[in-house]
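Below is one structure, written out as structure tokens, with a few remarks after it.
We count ligands from 1, going down the list as the structure has it; atoms in each ligand are counted the same way.
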Amino acid sequence: MARPDLLGRLAIRTADRERAALLRRARAVEHADGPWLEVDGRRLLGFCSNDYLGLAQHPQLIAAFKRVADDEGVGSTAAHLVCGHRREHAMLEEALAEWTGRERALLFSTGYAANLGVQQALLGSVDGAVCVQDKLNHASLIDGCRLAGAELKRYPHSDVGGAARQLASRSEAPALLATDGVFSMDGDVAPLRELAALAAREGATLMVDDAHGLGVLDAQGAGSVADAGLGVSEVPVLMATLGKALGCAGAFVAGSAALIEGLTQFARPQVYSTALPPALAAAALAAVTLARQEDWRREKLSGLIARFRRGASELGLPLMASATPIQPLLLGSADTALATAQALEALGLLVTAIRPPTVPAGQARLRITLSAAHEEADVDRLLAALERVRPTIIGA
Ligand SMILES: *Cc1c(COP(=O)(O)O)cnc(C)c1O
């Protein structure tokens, strides 16, 4: 009996993907200077980072990082519950809890791990639990449900009626209703108030992944949940990341003291993982302070978003219904998306083509992201380049 060879299987799947022209490859950025990226020796104006507030290279973040690194070195050397939990982590957790209006917050090394950890802790040892999710939720929310062994039920994008039907189909089951706050590939905001009302009616627990909303939405940047006027009683489980608008890396979950206590006991991806470098926690704390105080970053960003949407709509480009810094152009075929990204690169712009399986088949797109680090002239340059490549996009 011949046992199938795992490495051989993997190689076959990779070759299949290559034949479908869907192979992915990371390119090494040689230098980053605000939105400008040097790749293959060429300086390109980037519209693909998630550094929405332009904080990743802020001098105060760098100074905080250096101060702690000089003092304490780089690694935290252990998990939080061993001896990796430093003063910098504690201060950051406090600041994040205060910002999001919750009793406590708990750090995770990545947003991916946070979504696994929360669902494992909430659903993992509960018989017959169900997790109802938007079809376009981030991969880590889907994978978290699988890890927890709960039944996954998905509803069409932002369809609250669909979510209601999924919950009603298992009306006796313990249920988590989980959604992205801002959808990462579409840029639209979830119908949070309606989902909160549904969760309350159905006795389900609502969880929001606000990776792309924190820092960007709400007057103080507290994110999509605060922007919808919802608090901890409507959205008891709030997750967000430190690697997007905050320009650092890592993530956290914020909620009641009881939630955080429970996660500390049972969220295995947090318990069994090395704590973030304390210098990074110090940089993230500096980022939180700036994100809360410097309203001009959000104002500048909205101005750039409006400018881009006005220009793109005048050009007849396939904009999506997004008011956030994620401004995708829906192109359909993966080949068109790739060809357009390449044509833009020839004109000195770096914009990523997002192809299946990251997005559904036939919905390949250019995922344009804007940042407070951009200037109006940068947006104009992007629009001028898009005008030149327009024949590739909508046919000559
Ligand atoms: C980026 C992202 C994550 C993962 O966060 P990382 O810290 O990068 O692992 C989770 N959810 C959403 C919606 C994201 O966009």
Side-chain angles (χ1 to χ4, degrees), residues 24 26 48-53 55-56 89 92-93 96 100 105-120 131 133-148 152 154 157-158 176-192 195 206-217 223-225 227 235 237-254 263 267-270 273-277 280-281 283-284 287-288 291 320 322 324-328 352 354 357-359 365 367-371:
R24 295 136 175 246
C48 41
S49 93
N50 301 313
D51 183 24
Y52 304 124
L53 297 178
L55 291 175
H89 298 117
L92 176 59
E93 286 177 342
L96 291 167
T100 56
L106 184 73
L107 291 173
F108 285 77
S109 0
T110 67
Y112 201 111
N115 281 339
L116 298 189
V118 167
Q119 291 184 77
Q120 188 184 46
C131 184
Q133 300 204 18
D134 190 294
K135 273 216 159 125
L136 296 190
N137 274 356
H138 192 264
S140 55
L141 278 173
I142 309 287
D143 295 354
C145 178
R146 292 196 180 122
L147 174 68
L152 175 64
R154 304 212 278 173
H157 181 47
S158 286
L176 183 69
L177 175 59
T179 183
D180 284 15
V182 174
F183 289 88
S184 52
M185 297 299 139
D186 293 59
D188 56 336
V189 179
L192 293 174
L195 289 172
L206 180 58
M207 168 179 188
V208 175
D209 171 343
D210 209 21
H212 298 277
L214 186 77
V216 174
L217 299 176
S224 62
V225 173
D227 202 36
V235 183
V237 187
L238 173 64
M239 172 276 184
T241 69
L242 311 173
K244 283 155 185 161
L246 293 173
C248 294
F252 69 96
V253 175
L263 294 179
R268 291 164 62 92
Q270 208 268 354
S273 199
T274 303
L276 290 171
L280 194 65
V288 169
M320 294 178 72
S322 162
T324 69
I326 303 168
Q327 288 294 328
T352 336
I354 305 284
T358 304
V359 289
R365 64 198 67 182
R367 181 175 181 270
I368 292 168
T369 52
L370 298 168
S371 162

* Any N or O of Asp180 closer than 3.5 Å to N or O of ligand 1 -> no
* Is it the case that Asp186 and His157 place a side-chain donor and acceptor less than 3.5 Å from each other? -> no
* **atom 6 (P) of ligand 1 - nearest protein heavy atom and its distance** => Gly111 N, 3.3 Å
* Student check: side-chain heavy atoms of Val288 and Leu92 closer than 4.5 Å -> yes
* **Atom of Gln133, atom of Cys145 and distance for their closest heavy-atom approach** => NE2-CB, 3.8 Å
* To do: Return the residue, atom name and 0.1 Å-rounded distance of the protein heavy atom closest to atom 14 (C) of ligand 1.
  => Lys244 NZ, 2.8 Å
* Might you point out which heavy atoms bring Val208 and Ser224 nearest each other, and give the distance in Å? => CG1-OG, 4.2 Å
* Can you tell me the protein heavy atom closest to atom 4 (C) of ligand 1 and the distance? -> Tyr112 N, 3.6 Å
* Nearest atoms (heavy-atom pairs only) where Phe252 meets Leu107 -> CB-CD2, 4.1 Å
* Polar-atom distance check: Ser184 versus ligand 1, any N or O pair below 3.5 Å? -> no
* To do: Considering only non-hydrogen protein atoms, determine which one is nearest to atom 15 (O) of ligand 1 and report residue, atom name and distance to 0.1 Å.
  => His212 NE2, 2.5 Å
* Ser140 to ligand 1, any heavy atom closer than 4.0 Å -> yes
* Structure fact -> Of Leu147, Asp143, Leu141, the one forming a side chain to side chain contact (heavy atoms under 4.5 Å, CB included) with Gln119 is Leu141
* Write down the atom of Thr179, the atom of Ala190, and the distance for their closest heavy-atom approach. => OG1-CB, 3.6 Å
* To which protein heavy atom is atom 11 (N) of ligand 1 closest, and what is the distance rounded to 0.1 Å? -> Asp209 OD2, 2.5 Å
* What atoms in ligand 1 come closer than 4.0 Å to a heavy atom of Thr241? -> 5 (O), 7 (O)
